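Here is the structure we will look at, set down as structure tokens.
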Amino acid sequence: MEEIQKKISQLSNELNEHNHLYYIEDAPVITDFKFDQILSELQDLEKQYPQFKDPNSPTQRVGGGVTKFFDTIEHRYPMYSLSNTYSKDELVQWETRIRKILGVDTEICYTCELKFDGASISLTYENGALVQALTRGDGVQGDAITTNVKTINSIPLKLKGNYPKFFEIRGEIILPWMGFHKMNEKRAELGEPLYSNPRNTASGSLKLQDSSLVAERPLICFFYALAADQLMIDSQFEALKKAREWGFKVPDSASLAHSIDEVFEFITEWDEKRKSLPYEIDGIVIKVNQLNQQNKLGFTAKAPRWAMAYKYQAQQASTVLLEVQYQVGRTGAITPVAILKPVLISGTIVKRASLHNQDQIEKLGLRIGDTVFVEKGGEIIPKIIGIDQDKRASFKEEISFISNCPECKYPLTREVGEVQHYCKNEIACPPQQIGKIQHFIGRKAMNIEGLGGETVSLLFHEGLLSNIADLYRLKKEKILPLERMAEKSVNNLFEGIGKSKNKPFSKVLFGLGIRYVGETVAKRLAKAFGSMNALMGATAEAMTETEEIGGRIAESVVKYFSKSSNIEVIKVLSSSGLQMEEAQNLNKPHSIFKGKKFVVSGVFEHYSREGIKSEIESFGGIIISSVSSKTNFLVAGDGTGPSKKTKAVDLRIPILNEKDFLNLKEQGI
Ligand code: AMP
Ligand code: ZN
């Protein structure tokens with residue numbers, strides 16, 4: 001037993017160290033593959049011997065814990081906000097005020113730090129282990145989001161070096177641009193409304209109930225302040241250095257300035273450099289460096305006197321809100337868009353701004369004819385940040401959110417807990433119909449060359465195309481007479497449509513545009529069920545046995561197949577010759593495991609866990625996550641949980657070790 005406990009702690013230390021090298025130092029020394037192998041070894045041991053599991057084990061990174069209600073807890077040290085300014089004159093005035101308290105001739109040094117634009121957080125460490133994470137809340141009390149925070153790789157769960165026994169540290173959780181764009185690409189693929197900016201997405205992520213969803217988001221955390229009763233540290237700059245030594249991610253952009261002029265230099269330098277940072281900053285934070293000077297200066301009711309945020313001017317302008325239009329997306333999601341009197345902001349003419357949803361309009365209190373402030377930050381679409389109250393007349397028309405679809409007049413619905421309105425008239429709402437066809441012909445689905453989004457729209461309005469099945473019923477003689485449709489382009493179009501019949505089943509499935517079924521989910525489902533018919537006949541429960549398929553996805557698929565209009569479309573696609581089965585299913589020599597269901601557990605000598613799974617899948621087998629009467633084989637590596645084995649024995653399911661598996665592969669079933 002002691003051996004096992006030792007092994008668990010050795011694996012944990014190893015993983016913590018590699019995590020640090022990867023996420024903090026940007027200098028990994030092992031491959032991701034090797035890392036995953038050690039991680040799954042630890043996971044299996046912890047499952048088998050839960051009594052030895054550390055609440056701060058590196059396995060917490062993958063999440064899984066669900067928080068239904070976030071407890072509100074008082075901050076031991078209040079989280080103040082920062083006084084801020086946009087003007088250098090005011091910075092000089094600030095210095096004068098400080099000097100009045102500290103003495104006119106006193107030497108004052110400043111740390112200059114970047115002001116990261118995300119969600120602030122306070123972490124408590126006891127004996128080097130993370131014990132609590134709180135949001136800022138109102139500064140006096142915040143919400144405990146510890147489980148979620150543990151999934152963020154750049155936050156150390158265990159510290160290194162010579163740290164104090166008990167302290168708090170403050171940082172900012174941010175979402176770098178690349179991660180933000182990737183998340184939005186996925187949203188676009190699924191036809192969901194896009195996230196508006198990294199800051200909101202980061203802070204929204206922290207309040208997700210399911211921590212494994214947080215784990216999937218590429219969040220990072222930068223640290224900038226320590227708080228404790230006794231720190232044995234003299235200055236802010238030293239605090240940053242210490243935090244770095246203990247394993248926190250502290251960017252080395254922070255710099256010491258010996259005068260306000262040097263502070264200005266830093267500000268000017270970063271006004272340019274910030275444009276090429278991989279994440280957003282909204283200014284610079286200037287802090288009096290010496291802690292004894294900070295103590296003398298103290299706090300106002302809201303903010304420390306010893307710090308000041310200098311904010312960079314976002315590109316802003318004021319203009320008039322002319323009207324609100326409503327766009328209907330492929331999935332029926334309604335997005336309100338502000339139509340503005342054209343105005344020049346940082347070199348481009350802005351005529352529209354996204355309003356996201358009803359709540360956003362109400363929060364701003366918008367009325368038609370209002371003079372609004374428009375900002376063009378890092379976002380793709382400019383946003384309205386407020387209204388000019390001075391120019392508001394009481395008779396101005398309030399905006400009442402539409403109750404019917406602007407395109408098809410169908411009554412809109414907004415489900416409880418959702419912010420978006422939807423038009424559910426999928427089969428007869430033009431933008432949804434066109435959007436679905438455009439999705440189907442898109443690069444990641446059928447990739448039909450020779451047919452662009454514009455042509456789809458044209459054919460739709462000519463009444464030749466109203467759903468994806470119609471693509472396979474198009475007649476050349478009907479298209480040729482249309483404007484812009486020359487013989488050659490029509491031939492290309494038909495050639496493209498013809499080629500789509502060879503596209504694999506998973507792409508057909510993705511192309512259907514079922515809600516929540518993105519590219520990866522489509523591949524998983526295609527592999528697990530093998531054919532459209534099998535999938536159509538499957539229950540939601542059966543689907544959730546597949547890896548990565550949760551209840552929400554399964555329900556959505558079942559709902560899709562329950563509609564007769566969808567079944568009609570699929571029938572036409574099938575009779576037109578599209579692939580309705582996985583290639584492996586057809587490819588006999590490679591389908592030795594065809595349709596057989598495998599549960600894989602434990603660690604293996606020759607394979608990683610993912611490796612053995614994908615091999616099983618490549619031979620036509622199906623990976624499921626738990627042992628049930630429908631399981632055909634349990635492939636059990638070292639450290640497979642006893643409950644899985646017992647269940648397999650009870651149900652008389654063959655248990656294969658690695659060698660048995662290799663034999664089975666050689667000889668077939
Ligand atoms: P504000 O929200 O404008 O009052 O600005 C205060 C917030 O700036 C703090 O609550 C922190 O979340 C955030 N912040 C970002 N970077 C820093 C930094 N380097 N030092 C202090 N606060 C920062
Ligand atoms: Zn509609």
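The residues of the chain are indexed from 1 along the displayed sequence. Whatever order the structure lists ligands and atoms in, that order sets their numbers, starting from 1. None of these values were measured; they are calculated from a predicted model.
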| request: Examine the proximity of ligand 1 to K311 and report which part, side chain or backbone, both or neither, has a heavy atom under 4.0 Å away. | output: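 The answer is the side chain.
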| task | Check L82 against ligand 1 and report side chain, backbone, both or neither, counting heavy atoms closer than 4.0 Å. | result |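 L82 to ligand 1: contacts from backbone and side chain alike.
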Among protein heavy atoms, which sits nearest to [atom], and what does the distance come to when rounded to 0.1 Å?
atom                    : answer
atom 11 (C) of ligand 1 : Y224 OH, 2.9 Å
atom 1 (P) of ligand 1  : K115 NZ, 3.9 Å
atom 2 (O) of ligand 1  : R136 NH1, 4.0 Å
atom 16 (N) of ligand 1 : F116 N, 3.1 Å

| field | ligand 1 contacted by R170 (non-hydrogen, < 4.0 Å) | value |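 No, that is not the case, since the closest heavy atom of the residue is not under 4.0 Å from the ligand.
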| Looking at ligand 1, does L114 have a heavy atom less than 4.0 Å from it? |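 Yes, L114 has a heavy atom closer than 4.0 Å to ligand 1.
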| message | Angle at the Zn ion (ligand 2), SG of C429 to SG of C408, rounded to 10 degrees, please. | response |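 Approximately 110° at the metal, rounded to tens of degrees.
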| request: May I have the angle between C405 SG and C423 SG with its vertex at the Zn ion (ligand 2), rounded to 10°? | output: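 It is 110°, given to the nearest 10°.
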Ring geometry between [Y] and [X] (parallel below 30°, tilted from 30 to 60°, perpendicular above 60°):
X    : Y    : value
F167 : F248 : perpendicular
W306 : F299 : perpendicular
F401 : H421 : parallel

| field | Ring-ring centroid check Y110 F266, cutoff 6.0 Å | value |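 Not close enough - the centres of the two rings lie 6.0 Å or further apart.
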| field | Distance flag, aromatic centroids of Y279 and F180, threshold under 6.0 Å | value |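 No, too far apart.
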Do [X] and [Y] pair up side chain to side chain, a donor and an acceptor below 3.5 Å, judged on atom types alone?
X    : Y    : result
E168 : S122 : yes
T111 : N289 : no
S120 : R136 : no

| task | May I ask you to check if ligand 1 and E113 share an N or O to N or O distance below 3.5 Å? | result |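 Checking ligand 1 against E113, an N or O pair does fall under 3.5 Å apart.
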| Counting heavy atoms only, which of M79, E172, K287 is nearest atom 20 (N) of ligand 1? |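 Of the listed residues, K287 has the closest heavy atom.
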